[in-house]
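Written below as C-alpha cells is the structure these notes are about.
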Amino acid sequence: MTTAKTGLTTKKKNSLLSGLPSVASLQQHPEIIRLCEDFPEKYVTKCLRQAVDAIRQTIIKGSIRNVSDIPAETDIVNRTETLVRTGIGNKLMRSVNGTGVILHTGLGRAPLPPSAQEALMEAATRYCVLATDRQTGKRGDRNSHLDELLREITGAESSLVVNNNSAAVILALNTFGEGRESIVSRGELVEIGGAFRVPDVMRRSGTTMIEVGTTNKTHLRDYREAITEATSVLLKVHTSNYRIEGFHKEVTVKDIADLAHEHDLIEVMDLGSGAMVDLRRWNLPYEPTVQETITAGADIVTFSGDKMLGGPQCGVIVGRKKLIDHMKVNPLMRAFRCDKLTLSALGGTLKLFLDPDRLPQTHPVYTMLTAPLQVVNRRARRIARMLRETLDERFVVEITDGATEMGSGSLPARTIPSRIVAISSISISADKLALKLRLAVPPVFTRIEEDRVIIDARTVADDEIRMIRTACRQVLEEF
Ligand SMILES: *Cc1c(COP(=O)(O)O)cnc(C)c1O
C-alpha cells in the first residue's frame with residue numbers, strides 16, 4: 001500500500017522505523033547515564049521517549065525518506081539533553097534571541113548578569129533576612145537592603161522598589177496626586193506598549209490630569225499658568241520610545257523642579273529606561289541618566305529594573321526621603337511589593353554599576369551593547385558556517401550589515417551597527433521558516449526582512465550557536 005501524501009510504502013516506513021534506535025538501547029548511552037546522575041531517571045527516560053517519538057512521527061509523516069536521514073544516536077541524545085535541561089513541563093523555556101533587539105520584552109528583556117544569578121540562587125534556595133531587622137529581631141523593611149546601594153549609585157536620599165515601573169508611577173501619582181491636580185505636557189502623554197498610557201495611568205491613580213502645551217512645544221510658562229490651589233504634582237515623562245525631530249521644545253527637569261519648589265509642589269519624573277551610566281562613554285547614543293535627573297532636582301524619579309539596568313522586572317523609585325516614606329505607607333504598597341527573588345537579583349545587578357568601566361565584562365546587556373563590530377562579525381561568520389554545514393542546497397546563507405536595537409523603548413530610533421546572517425530558501429517562505437525555528441526545542445527567535453530570515457549576531461551568545469544548529473536540524477526533519 002502506498003499513501004498518496006508521502007509516496008512511501010508502509011513497508012518502507014516500517015523498515016525506517018525499525019532503523020530507529022530503541023529507547024532501551026539509548027538508555028545505555030554514556031551521556032544518558034550521566035544525565036541520570038543529575039536528573040531523576042524517570043524524567044530522563046520520559047524526555048528520551050519524547051525525542052524518539054518526535055522522530056518516529058516525522059517518519060510516519062513521510063518527511064524522513066532514507067535510512068541515512070534518521071538522526072544519529074548522538075543527535076537523539078543531544079535532543080534528549082535539551083529536553084531534560086529546558087524542562088518538559090516547563091513551557092517557559094530558554095530561547096535564543098536572534099532578533100537583534102537586546103531588551104526584547106517578549107523574550108524576558110534582560111539576561112541577568114552572573115552576579116545577579118548568584119544572589120538570586122542564594123536567596124531562592126535558603127532563608128534570607130528579607131523583612132527582618134537583625135538589630136531587634138522584629139519585622140523590618142524589605143527595602144532597606146538595597147537602599148544604601150541605590151543611594152550610593154544615584155545620589156538620591158532614599159529608595160523603594162516595586163513590581164515594575166508602571167506600578168512605580170501609579171504609586172507616586174496616587175500618593176501625591178490623589179484627589180488633586182497633576183500637570184503634564186501634551187508632548188509627554190505617551191503610550192508605552194499597550195496598557196501603559198499616561199492619561200489612563202493618571203486617571204487610575206486618582207489624580208486629575210491637567211494637560212499643558214502642545215504636542216511639539218511646551219514652555220515653562222504653560223506649567224506656571226496651569227498651577228492652581230488644587231495642584232500637587234508636576235509630572236514629567238521621558239518620551240522613551242519615540243523621538244520628535246525639528247520644531248520641538250520641552251521644559252527641562254531642572255526648570256520644572258525649580259517651578260515646583262517655588263510653589264511647594266512635587267516633581268515626579270517617569271524616566272522609563274533608567275540609564276545608570278552615560279552611554280556616550282561607549283560612543284552610544286545619549287540617554288538621560290538617573291543621577292543627572294536627581295541632580296537636576298526631581299523629587300521622585302521612577303524607572304524600570306529590566307531596561308537599561310538589565311536586571312529583573314521591577315520598578316525602582318528614588319528621591320527625597322520624606323516623600324518616599326509617604327509612598328511606603330500607601331496601602332497599594334502591599335500589592336506592589338517585590339519578593340526576595342526580585343530584590344536579590346536586583347541587588348546583584350545594581351552592584352555592577354559601582355564599577356561602570358567593567359560593565360562590558362560583567363553585564364551581558366553591556367557586553368552585547370559594546371561588542372566591537374569585529375567580534376560580532378566573527379560570530380556572524382561562525383553562525384553562517386554552521387548554517388551552511390547544517391542546511392542543505394535549498395537554502396542560501398549570507399552575511400550582511402545590520403542594525404541592533406536596544407528595545408523596550410530605550411534609545412528610540414537609534415540603532416547599533418551589527419552583522420546579520422540572512423537565510424533564504426526557494427522551498428520555504430521566510431514566515432514559515434521563522435515559525436519552525438520558533439517551535440523548535442530550544443526555540444530560536446529571528447526577524448524577517450525582504451522574505452529572508454535574519455539572525456543578528458550581536459544578540460546571540462557564542463555558546464548558543466549549537467542551539468541554533470539543533471533547531472535547524474529539527475526544521476529540516478519536518479520538511
Ligand atoms: C517602559 C516604560 C514604562 C513602563 O515600565 P514597565 O517597567 O514596563 O512597567 C513607563 N514609562 C516609561 C517612560 C517607560 O519607558
Side-chain angles (χ1 to χ4, degrees), residues 12-61 63-98 111-112 114 117-118 120-121 124-125 364 379 381-392 436-445 455 460-479:
K12 179 82 199 279
K13 280 188 190 172
N14 282 342
S15 93
L16 285 173
L17 286 172
S18 63
L20 255 182
S22 71
V23 171
S25 69
L26 287 163
Q27 275 175 312
Q28 305 308 317
H29 194 283
E31 282 302 319
I32 297 292
I33 292 170
R34 187 151 337 133
L35 265 181
C36 289
E37 285 166 15
D38 294 343
F39 297 91
E41 192 180 327
K42 244 174 108 173
Y43 172 58
V44 174
T45 306
K46 192 174 170 185
C47 293
L48 183 56
R49 195 158 281 137
Q50 189 183 341
V52 174
D53 263 352
I55 300 164
R56 181 171 292 127
Q57 289 311 316
T58 52
I59 294 175
I60 291 169
K61 264 173 47 196
S63 306
I64 291 179
R65 310 177 68 87
N66 301 301
V67 181
S68 59
D69 295 338
I70 295 177
E73 206 166 275
T74 49
D75 205 24
I76 302 174
V77 169
N78 282 344
R79 278 179 219 192
T80 304
E81 182 172 356
T82 308
L83 285 171
V84 168
R85 294 197 185 278
T86 51
I88 196 166
N90 180 10
K91 302 284 187 186
L92 180 66
M93 58 177 95
R94 176 177 176 181
S95 72
V96 177
N97 177 11
L112 291 181
Q117 297 168 25
E118 282 156 26
L120 176 60
M121 274 308 284
T125 55
R379 191 178 307 130
R381 286 167 59 174
R382 285 186 53 206
I383 296 171
R385 193 178 328 126
M386 176 281 291
L387 288 172
R388 287 184 187 121
E389 278 165 18
T390 311
L391 299 170
D392 55 36
K436 284 181 177 291
L437 286 167
R438 291 199 301 274
L439 294 179
V441 178
V444 173
F445 286 78
I455 297 175
V460 174
D462 285 325
D463 65 357
E464 288 174 335
I465 298 178
R466 59 184 180 85
M467 294 170 71
I468 303 176
R469 184 177 55 205
T470 304
C472 285
R473 290 204 175 135
Q474 289 165 58
V475 170
L476 284 182
E477 266 162 36
E478 286 167 18
F479 250 131

Counting only N and O atoms by type, is there a donor-acceptor contact under 3.5 Å from the side chain of [X] to the main-chain atoms of [Y]?
X      : Y      : answer
Lys436 : Gln474 : no
Gln117 : Leu112 : yes
Arg469 : Met386 : no
Glu81  : Leu35  : no

#### Entry: Ion pair Glu31/Arg34, N-O distance below 4.0 Å
yes
### Message
With a 4.0 Å cut-off on N to O distance, would you call Glu464 and Arg94 a salt bridge?
### Response
yes
Closest non-hydrogen atom pair between [X] and [Y], with its separation:
X      : Y     : value
Ile33  : Gln28 : CD1-O, 3.4 Å
Leu16  : Val67 : CD2-N, 3.5 Å
Pro442 : Thr82 : CD-CG2, 3.4 Å
Pro21  : Val52 : O-CG1, 4.3 Å

Once rounded to the nearest 0.5 Å, what's the spacing between atom [atom1] of [X] and atom [atom2] of [Y]?
X      : Y      : atom1 : atom2 : answer
Cys472 : Leu387 : SG    : CG    : 5.0 Å
Ser95  : Met467 : OG    : CE    : 7.5 Å
Leu48  : Ile32  : CG    : CD1   : 5.0 Å
Ile465 : Thr470 : CD1   : OG1   : 12.0 Å
Asp69  : Ile59  : CG    : CD1   : 9.5 Å
Thr58  : Ile70  : OG1   : CD1   : 9.0 Å

Are any non-hydrogen side-chain atoms of [X] and [Y] less than 4.5 angstrom apart?
X      : Y      : value
Arg79  : Val441 : no
Val84  : Lys46  : no
Ser63  : Leu476 : no
Glu477 : Pro71  : yes
Glu73  : Leu26  : yes
Ile455 : Ile468 : yes

### Query
In terms of heavy-atom contacts, does CD of Gln27 have more than 12 from other residues, nucleotides or ligands at under 6.0 Å?
yes
### Query
Asn97 and Val460: side-chain contact (heavy atoms from CB on, under 4.5 Å), yes or no, with the steps?
CA-CA 6 Å; Asn97 177 11; Val460 174; over 6 Å; no
### Message
Test of understanding: with side-chain hydrogen bond (donor to acceptor under 3.5 Å, both in side chains), list the residues that count as partners of Arg56, not counting sequence neighbours.
### Response
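With sequence neighbours excluded, Arg56 shows a side-chain hydrogen bond (donor to acceptor under 3.5 Å, both in side chains) to Asp53, given in chain and number order.
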### Task
Under the side-chain contact (heavy atoms from CB on, under 4.5 Å) rule, what do Arg49 and Thr80 come out as? Steps first, then yes or no, please.
CA-CA 8 Å; Arg49 195 158 281 137; Thr80 304; over 6 Å; no
### Query
Excluding sequence neighbours, so at least two apart, what forms salt bridge (charged side-chain N to carboxylate O under 4.0 Å, His left out) with Arg381?
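Partners of Arg381 under the salt bridge (charged side-chain N to carboxylate O under 4.0 Å, His left out) test: none.
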